[in-house]
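Here is the structure we will look at.
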Amino acid sequence: MLTVRTAPDLRQAIAPWRQAGERIGFVPTMGALHAGHLSLVRLARGHASRVVASVFVNPAQFGPNEDFNRYPRQPEADAAMLETAGCDLLFLPEVATIYPLGHATFVEPAGAAEGLEGACRPGHFRGVATVVCALFNLVRADVAVFGEKDAQQLAVIRQMVRDLHLPIEIVPGPTVREADGLAMSSRNAYLSPEERRAATVLHRALRAAETAISQGERRGDAVRERLREVLNTEPLARVEYAEVVDAETFQPVETLRGRLVLPLAVRIGGTRLIDNIRLTAEER
Ligand code: PAF
């Protein structure tokens, strides 16, 4: 696996693949990789003959009081893991490569970017959409893979690709979980042993809501209440949101129908975790 840091080196590495008519897959990441990211690389391999991954901790998607400075950075370990997972090329840019001096152009998503993460983290999706658009233009892949764990991000990226006519296919990658149900996340590394145990409450809440829906519950408020009921049993948990939204628009639903996402954001001690499940509610 080759590692490149600049746009000209990236172009040079990809050019022969393009000339040979190869299909290129792309997995954008912020590094501190875990099995969830590696599953996205493997998924990309199934959709393309070459896989490019990027590791870039994007300053534009962090708020002023968020964890940009302490976000885990481990480029050597990431490179070794990517190589094992079958990645062909790692793009490891500096901030000045993505945001050249005088950079002043941003992608401002509305619609699916409003509410939930968009409300709790103002400017977050503007930063995500801007960096993803820049990375898409640099890599010019045929297909990109995004994890379903960041469900709203996935909806925002799909919306951006549709609205800006970006010539790329978006493939969702299922959430990978620890044995006790905790969704894999680079931020799990922040949890103390006690917080790590408490963090399983997110998955338990989602399962409880899923059970209620499978038993016929179709009232949005009742499902929200069920989620909070379970989350509130954990003293270390502080709920930011526990919602039921339409899978495409990310708007809250009153009556459950069609493809839905149940997204959660919960602080466990000082660590903010998100998780979700997707389901389809049949009419009753
Ligand atoms: O999901 C992430 O890791 C980031 O938001 C992404 C898509 C790499 C953009 O920085």
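Index from 1, following the sequence. As a basis for the values below, the full set of heavy atoms in this structure was taken, side chains included, without hydrogen atoms, waters or symmetry mates. Whatever order the structure lists them in is the order used to number ligands and atoms, beginning at 1.
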Could you list the atoms of ligand 1 found under 4.0 angstrom from a heavy atom of Thr29?
8 (C)
Enumerated ligand 1 atoms positioned under 4.0 Å from heavy atoms of Val131
9 (C), 10 (O)
For atom CZ of Arg23, is the number of surrounding heavy atoms from other residues, nucleotides or ligands below 6.0 Å larger than 12?
yes
Over all heavy atoms of both residues, which pair between Gly31 and Ser186 is shortest? Give the atoms and the distance, please.
O-OG, 3.5 Å
Any idea which part of Ile157 is under 4.0 Å from ligand 1, heavy-atom wise: side chain, backbone, both or neither?
neither
Please check if atom CD in Glu248 has more than 12 non-hydrogen atoms from other residues, nucleotides or ligands closer than 6.0 Å.
no
Taking distance alone, with N or O pairs closer than 3.5 Å, would you say Gln153 contacts ligand 1?
yes
Could you check Met160, Arg158, Gln159, His165 and say which one makes a side-chain contact (heavy atoms from CB on, under 4.5 Å) with Arg162?
Gln159
Is the ring pair Phe136/Phe26 parallel, tilted or perpendicular, if the boundaries are 30 and 60 degrees?
perpendicular
Identity and separation of the nearest protein heavy atom to atom 10 (O) of ligand 1:
Gln61 OE1, 2.6 Å
